[in-house]
Amino acid sequence: MANAKKIAELLLKRYPSPKLALNFSTPLELLVATILSAQCTDARVNEVTRQLFKKYRKAEDYARADMKRFEEEIRPTGFYKNKAKMIVECCKRLVEDYGGDVPDTLEELTGLPGVGRKTANMVLGSAFGKQTMAVDTHVLRVSNRLGLVRSDDPEVVEEGLVRQFPKGRLTKINLAMILHGRETCTARRPKCMECVLYKECEWPDKTGR
DNA sequence: CTCCCGATAT
DNA sequence: ATATCAGGAG
């Protein structure tokens, strides 16, 4: 079993104040941006939301959106028909059940259309200041390579990481892991030689490059 | 399990 | 040419 305490310490030293690369200023904006980010780079999401957030400011705005127009507005993020439907349906529900506000519990968030566990944890952690571990593709990969939790089931990884890391720093560690996965422990050609976790890592395929 | 979707790195 | 990119629904 990998040394979670040591890994957390090194990770936070490398990323002292890690933040999401997604641009947002409200829980609703983060919710929309996170849905758009599925299988898409954060840079592209930010390009799209820069325009989108000027036009759609409240859940009511999305709930009333013209589907065809909205699909075109988010098209570059891919999966645009699904995402458009998810966001609009989700916001209709926000209006009907939550007075247009974004709820702040895991149960309520995952009950919304288009909102899975990863999206819910991301919103809770970065928009509501709660301590959560959102397991996306980066966290999944980094956790498995390090040997922290070996599973391809995001929920299993989440529970394992929550158990091993200090509760009060979960969100920071979460964001640091995401940055580490994006910049260093990349899916293709990870930069093992510049990795601050090299000595803690149990991955057998560490390239010598 | 498949499908949704386009762009980019390798 | 193929894997992958801040996933989730049916």
Side-chain angles (χ1 to χ4, degrees), chain A residues 11 15 18-53 62 67-68 70-94 102 106-128 130 132-145 151-158 161 170-192 205 207 209:
Chain A
L11 225 36
Y15 301 101
K19 287 193 310 181
L20 282 179
L22 287 176
N23 295 333
F24 69 98
S25 59
T26 65
L28 178 63
E29 288 189 356
L30 178 56
L31 182 59
V32 171
T34 306
I35 292 175
L36 290 177
S37 72
Q39 299 297 302
C40 177
T41 62
D42 54 324
R44 187 168 307 280
V45 172
N46 287 335
E47 284 178 31
V48 167
T49 56
R50 192 170 69 235
Q51 308 299 330
L52 200 69
F53 290 163
Y62 293 100
M67 286 307 293
K68 286 300 173 199
F70 191 68
E71 285 177 5
E72 290 309 311
E73 287 167 330
I74 67 170
R75 173 186 277 262
T77 65
F79 297 170
Y80 64 93
K81 287 189 177 179
N82 281 348
K83 289 176 182 176
K85 185 179 298 181
M86 286 179 191
I87 290 170
V88 170
E89 292 304 312
C90 178
C91 286
K92 285 181 180 173
R93 190 77 68 79
L94 290 181
V102 178
L106 185 65
E107 293 70 28
E108 291 173 306
L109 281 165
T110 53
L112 296 167
V115 181
R117 198 175 179 90
K118 177 251 159 183
T119 299
N121 275 322
M122 197 68 75
V123 170
L124 289 172
S126 288
F128 289 116
K130 308 213 172 190
T132 61
M133 181 58 64
V135 177
D136 61 17
T137 179
H138 294 307
V139 174
L140 192 72
R141 180 180 63 252
V142 170
S143 172
N144 273 280
R145 283 181 179 167
S151 170
D152 58 1
D153 182 341
E155 194 163 341
V156 171
V157 171
E158 179 187 332
L161 293 180
L170 273 183
T171 299
K172 269 197 169 189
I173 295 169
N174 192 177
L175 297 176
M177 283 182 84
I178 293 169
L179 288 175
H180 183 67
R182 285 180 21 138
E183 299 174 4
T184 305
C185 194
T186 50
R188 295 169 285 209
R189 291 182 60 131
K191 304 181 176 84
C192 298
D205 298 346
T207 64
R209 287 173 288 170

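Any value given below was found using the heavy atoms of this structure, including those in side chains, with hydrogens, waters and symmetry copies removed. Since this is a predicted model, take the numbers as computed values, not measurements. All chains are named by letter (A, B, ...) in the order of the sequence lines, taking the proteins before the strands, and each is independently numbered beginning at 1.
Per the geometry, NZ belonging to A:K191 stands 12 Å off C1' belonging to B:dT10, to the nearest Å. If you measure from atom CZ of A:R189 to atom C1' of C:dA3, you get 15 Å, rounded to the nearest angstrom. What separates CD of A:E72 from C1' of B:dC5 is a distance of 13 Å, to the nearest Å. Atom CD in A:Q39 sits roughly 14 Å away from atom P in B:dC4 (whole-Å rounding). Nucleotide C:dG8 holds its C1' atom 15 Å from the CG atom of A:L109, rounded to whole Å.
With centroids closer than 5.5 Å and planes inclined by less than 30 degrees as the test, A:F79 and the base of B:dC5 fail to qualify as a stacked pair.
Comparing the P positions of B:dT2 and C:dA6 gives a spacing of 23 Å, expressed to the nearest Å. For the P atom pair drawn from C:dA1 and B:dC4, the interatomic distance equals 22 Å after rounding to whole Å.
Checking A:A38 against A:R188, the closest nucleotide of DNA chain C that is more toward the 5' end is the one next to A:R188.
Between C:dC5 and A:S37, no contact under 4.0 Å exists linking OP1 or OP2 to a side-chain N or O. For C:dC5, neither phosphate oxygen OP1 nor OP2 lies less than 4.0 angstrom from any side-chain nitrogen or oxygen of A:R182. Contact check, A:T137 against C:dC5: a side-chain N or O comes under 4.0 Å of OP1 or OP2.
Counting any heavy atom pair closer than 4.0 Å across all strands shown, A:P76 reaches no nucleic acid atom.
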